[in-house]
Amino acid sequence: SKEYFTAEEWRAFDEKTQQEILMQYRLSYLAYTDVNWCEALGTVLANDEVINGVSYRGGFPVVKKQMRQWSLRITEYAERLLKGLEEIDFSESMKEIQRNWIGKSVGALINFQLTIDNYQLTVFTTRPDTIFGVDFMVIAPEHELVKKITSSEQKEEVEKYLKYVESRSEVERMAEVKKITGAFTGAYAINPFDGREIPVWISEYVLAGYGTGAIMAVPCGDERDYKFARHFKLPITNIIGSHYNGEEANPTKDAILENSNFLNGMVMRDAIDVAGKKLEELGIGKRQINYKMRDAGWSRQRYWGEPFPVVYKDDLPYAMEESELPLELPESNNFKPSGSGEGPLANLKEWINFAPDLKRDSNTMPTHAGAAWYFLRYMDPHNDKAFADKKALDYWGQVDVYVGGSEHAVAHLLYARLWVKILHDLGYLNFDEPFKKLINQGKITGISQWIKEIRPESSWMSNHTTKQELHLYIFKENKNIAKFPVIINESGHNSYVTYNYTDLEFKYKDPTTDQFIPTIIHEGRATFSDCDSDGGKFYLNITRWLSKEPKPKYKPILFTNNAYWHYEKEGWTFFDNGDAQELSRIETRPEVEKMSKSFLNIVHPDEIVDSYGADTLRMYEMFLGPLEQSKPWNTNGIDGVFKFLRKFWNLFHDHQGNLKVSDAEPSREELKVLHKTLKKIEQDMESFSFNTSVSEFMICANELSSIKCNKRAILEPLVIALSPFAPHIAEELWEKLGHADTILNATFPSYNEEFLKESVFNYPISINGKVRAEMKFALDMSKEDIEKMVLASDIVMKWTEGKTPKKVIVVPGRIVNVVL
RNA sequence: GCCUAAGUGGCGGAAUUGGUAGACGCGCACGACUCAAAAUCGUGUACCGUAAGGUGUGCCGGUUCGAUUCCGGCCUUGGGUACCA
């Protein structure tokens, strides 16, 4: 399956050959993979929609199910996706994420002869140099050889172990990675170099899905192998001399090999290749590169998405003819899942069974499919012959700058890179990387306030999912101190209650049996529509959790930063109880999180737009800090930006608000302010340093208002420069200045270095590296003259106390340093 | 554990190739205008000290006339990732 065909090659095959090839590779394209199937919802869920084995909405049980799905053979491009990273301007951490995801490892396959029935066991290792340190072999419990090689004496133990592994959930396995388990199969493998017999074990620490699902264990060099050997009391061969201390494994590559036959005396680093070559010479293995990356599951059981352009005949997929394309999504009002695990398209029988013996595929592609290459269409959007004309593609080329979040690192950004490489290989594009430069903009984060939630144990709840009223009893030192009603709705939510004491016990009473039901305590988000970290006010959206309404009411309740508040209305009786008075405290714990609708911590920009205007909001966001940095939203400094815009506006207007722009010739000083600003803005925009651009605009407005400049020749270029930052105000000023056309069509002003030239410089005079004074000298003054003047000055005399300094450093246009 | 980014005033943050640390803004203090308030304007604001001066960019050390910037070793925080052989 290491071949692929270009479009020309593919078309050159006749239909029969094409079908034979398709059959041959069918499993690569159409794979059986696990999906999360939720019976109650009748649908397939993504991994992140499943939490603790139940659906994230509603808490319904979810099972893994095998389904036939399309997969994208991204593995074919693993090497090129890795190589391509070298030539693109992505952040190092983004490249690192992609490298890790691709997970290249260079190593070797080694065949071991087994003592049972001539079976061969192939392992993948990155360290063939340690071949003489192999003390046992481990194969994954799912490995196909397990059943075949287990000896009759070990059969019982192996089967017991396999049962144990099967009983373990994914969650348990992930949580208990340190737990050492395994079983001996009774089989031995023969070291191909020295004939040593090595026991073959099975253990879940070896993953079936990576490499060959089998490893050669070198306990002196590998931590996991070492622990396994110690746990099962297996012998440990030391091949690295003093590098192995007998207490822990040492994965070094620098040791000189011992007990290693023909590798003795060699440094491990060099021996890797020597051993690899020898394996190939003797025909007992070969050097090989492995990748962690898997093919991407490309089927979704959803309505929206590109349908697969294939037709099934006798259950075999055939690619549709180019002349039949595009295959469009059928119109439908029925977006419900089919209930069988297939997507909504399966409901449209006429579309699926469009011809007597032919069927379509009910799967659709993920959004990644379109997202990977839609930008190419913008280059030539009205073309009905091709996705874009070659000329347009050549003209526009790669995306210069792509601003996007880092959460797309291992999906979208990898698929887009792959897609462009494929189109390049098919001859459509002259470039094979979509994005020249990637900027990961920082997120404006929100502050979530967390409160605790107490609800009945989930096993009780899953049997009582209908809406009902329960009573929560609170005990302190086995004494019931409070009781209050709580509504459990269909999904088991809305039972949120807050408390802030650790010595309290919470119990529910089942209304039908009068039995106490154990509780479980979770933490959940309280929501605030506004939040001020500096002793301000919070609005807690508590009604979302307490309301009996099916749709939560968003009723803000005011309380202070000290984070307790007394709630006395809407049926909350427990606050009326004198004993429970203290319980009415709502204690919250603030946490900075991504702003997200599902996190209930979003801030609406509308209120800021209402009181300050959209330009202020826009500029303030830029002013907050570097583009790539995440920061929690707060409005503490927004007045500064608002004041700037008013000051800028006032440059054009008198106190009565009438335009007062003059057509007089600008002074040299005014021109200097203008060009200095334009220069800085241009540089900052090139480097995406918008926060410093805003501060430069502020400096400029301060300077111009202190010299009372109102000249058109100065202000007009500034309005254009400001327009990307504050488009509305800029457009209005532009119009007021008498322009009929929009400012968007104005030419961006460029600066003239001529106005920035200085003749004198105010030198900082430092003594022993510490600045003590300032002195003005002409920029063309010689070093010697400056030195003389500095040494003769009062301040320097005071410090030198008449002595000759050791050294005087004069850096023209920068600094003078006197060393005593 | 590994990879990666970052630690600078009360706060958000500036500082081109090593060259005046704290730009700009917020906040705070004082002052002007006002009967008053708001708005606006002005002055000050790293820390210690009355001052001269001293100390300061996470910590320890190094290179240099000079280090937020370069080098070595740590600490902390954010992000990513993991029985991947």
Handout entry: Pairing partner (Watson-Crick or G-U wobble, both distances under 3.5 angstrom) of B/rU81
Key = B/rG1

Fill in the blank from the handout: A/Asp639 atom CG is separated from B/rA39 atom P, nearest whole Å, by 8 Å

Practice task
Ignoring hydrogens and angles, state whether a donor on the side chain of A/Asn250 or A/Glu248 is under 3.5 Å from an acceptor on the partner side chain.
Solution key: no

Practice task
Would you check if the side chain of A/Arg417 reaches a backbone N or O of A/Leu81 as a donor-acceptor pair within less than 3.5 Å?
Solution key: yes

Practice task
Can you tell me the distance, in whole Å, between the CG atom of A/Asn768 and the C1' atom of B/rU64?
Solution key: 14 Å

Problem - Modelled atom types, side-chain donor and acceptor of A/Tyr291 and A/Glu79, under 3.5 Å - result: yes

Completion exercise
Picking from B/rG25, B/rA85, B/rG19, the nucleotide nearest the side-chain atoms of A/Thr125 would be B/rA85

Fill in the blank from the handout: Closest of B/rC65, B/rA85, B/rG54 to the A/Phe124 side chain is B/rA85

Handout entry: Closest listed nucleotide, where the reference is the side chain of A/Glu92 and the choices are B/rC84, B/rA5, B/rU20
Key = B/rA5

Practice task
Measure from CZ on A/Arg230 to C1' on B/rC83 and round the result to the nearest Å.
Solution key: 20 Å

Practice task
Specify the separation, in whole Å, of atom NZ of A/Lys676 and atom C1' of B/rU16.
Solution key: 16 Å

Practice task
Using a cut-off of 6.0 Å, state whether more than 12 heavy atoms not belonging to A/Lys788 lie near its atom NZ.
Solution key: no

Exercise for the section: Rounded off to whole Å, could you give me the CD1-to-C1' distance for the A/Ile767 and B/rG54 pair? Expected result: 16 Å

Practice task
Whole angstrom is fine here: how far is it from CD in A/Glu787 over to P in B/rC65?
Solution key: 16 Å

Exercise for the section: Would you mind telling me which of B/rC83, B/rC65, B/rG25 lies closest to the side-chain atoms of A/Val819? Expected result: B/rC65

Exercise for the section: Counting heavy atoms from C-beta on, name the nucleotide in B/rC84, B/rG19, B/rC24 closest to the side chain of A/Arg814. Expected result: B/rG19

Practice task
Report the relative orientation of the aromatic rings in A/Phe124 and A/Tyr210; use parallel for angles under 30°, tilted for 30 to 60°, perpendicular for over 60°.
Solution key: perpendicular

Problem - Atom-to-atom span, NZ of A/Lys227 to P of B/rA85 - whole angstrom - result: 17 Å

Handout entry: N-O pairing of A/Arg99 and A/Glu92 below 4.0 Å
Key = yes

Exercise for the section: Kindly determine whether A/Arg287 and A/Asp273 satisfy salt bridge (Lys or Arg N to Asp or Glu O under 4.0 Å), including the steps that lead there. Expected result: CA-CA 9 Å; A/Arg287 282 172 286 183; A/Asp273 212 41; 3.1 Å; yes

Practice task
Using the P atom as the reference point in each nucleotide, state the distance between B/rC71 and B/rG22 in Å, no decimals.
Solution key: 25 Å

Handout entry: Nearest listed nucleotide, side chain of A/Lys770, among B/rU20, B/rU55, B/rA85
Key = B/rU55

Check nucleotides 6-15 of chain B against the protein and report each pair of N or O atoms closer than 3.5 Å, with its distance, or say if there are none.
residue	atom	partner	partner atom	Å
B/rG12	O2'	A/Leu624	O	2.6
B/rG13	OP1	A/Gln629	NE2	2.7
B/rG13	O3'	A/Asn691	ND2	3.4
B/rA14	OP1	A/Asn691	ND2	3.0

Handout entry: Criterion ring pair (Phe, Tyr, Trp, His ring centres under 6.0 Å) on A/Phe755 and A/Tyr751, from CA distance to verdict
Key = CA-CA 9 Å; A/Phe755 297 108; A/Tyr751 68 92; over 10 Å; no

Short N/O separations, protein against nucleotides 40-44 of chain B, under 3.5 angstrom:
residue	atom	partner	partner atom	Å
B/rU40	OP1	A/Arg646	NH2	2.2

Completion exercise
Among the nucleotides B/rG25, B/rU20, B/rC65, whichever has the atom closest to the side chain of A/Ile815 is B/rU20

Practice task
Please state how far atom CD1 in A/Ile809 lies from atom P in B/rU20, giving the value in whole angstrom units.
Solution key: 14 Å

Practice task
Name the closest nucleotide to the A/Lys798 side chain, picking from B/rG25, B/rA52, B/rC65.
Solution key: B/rA52

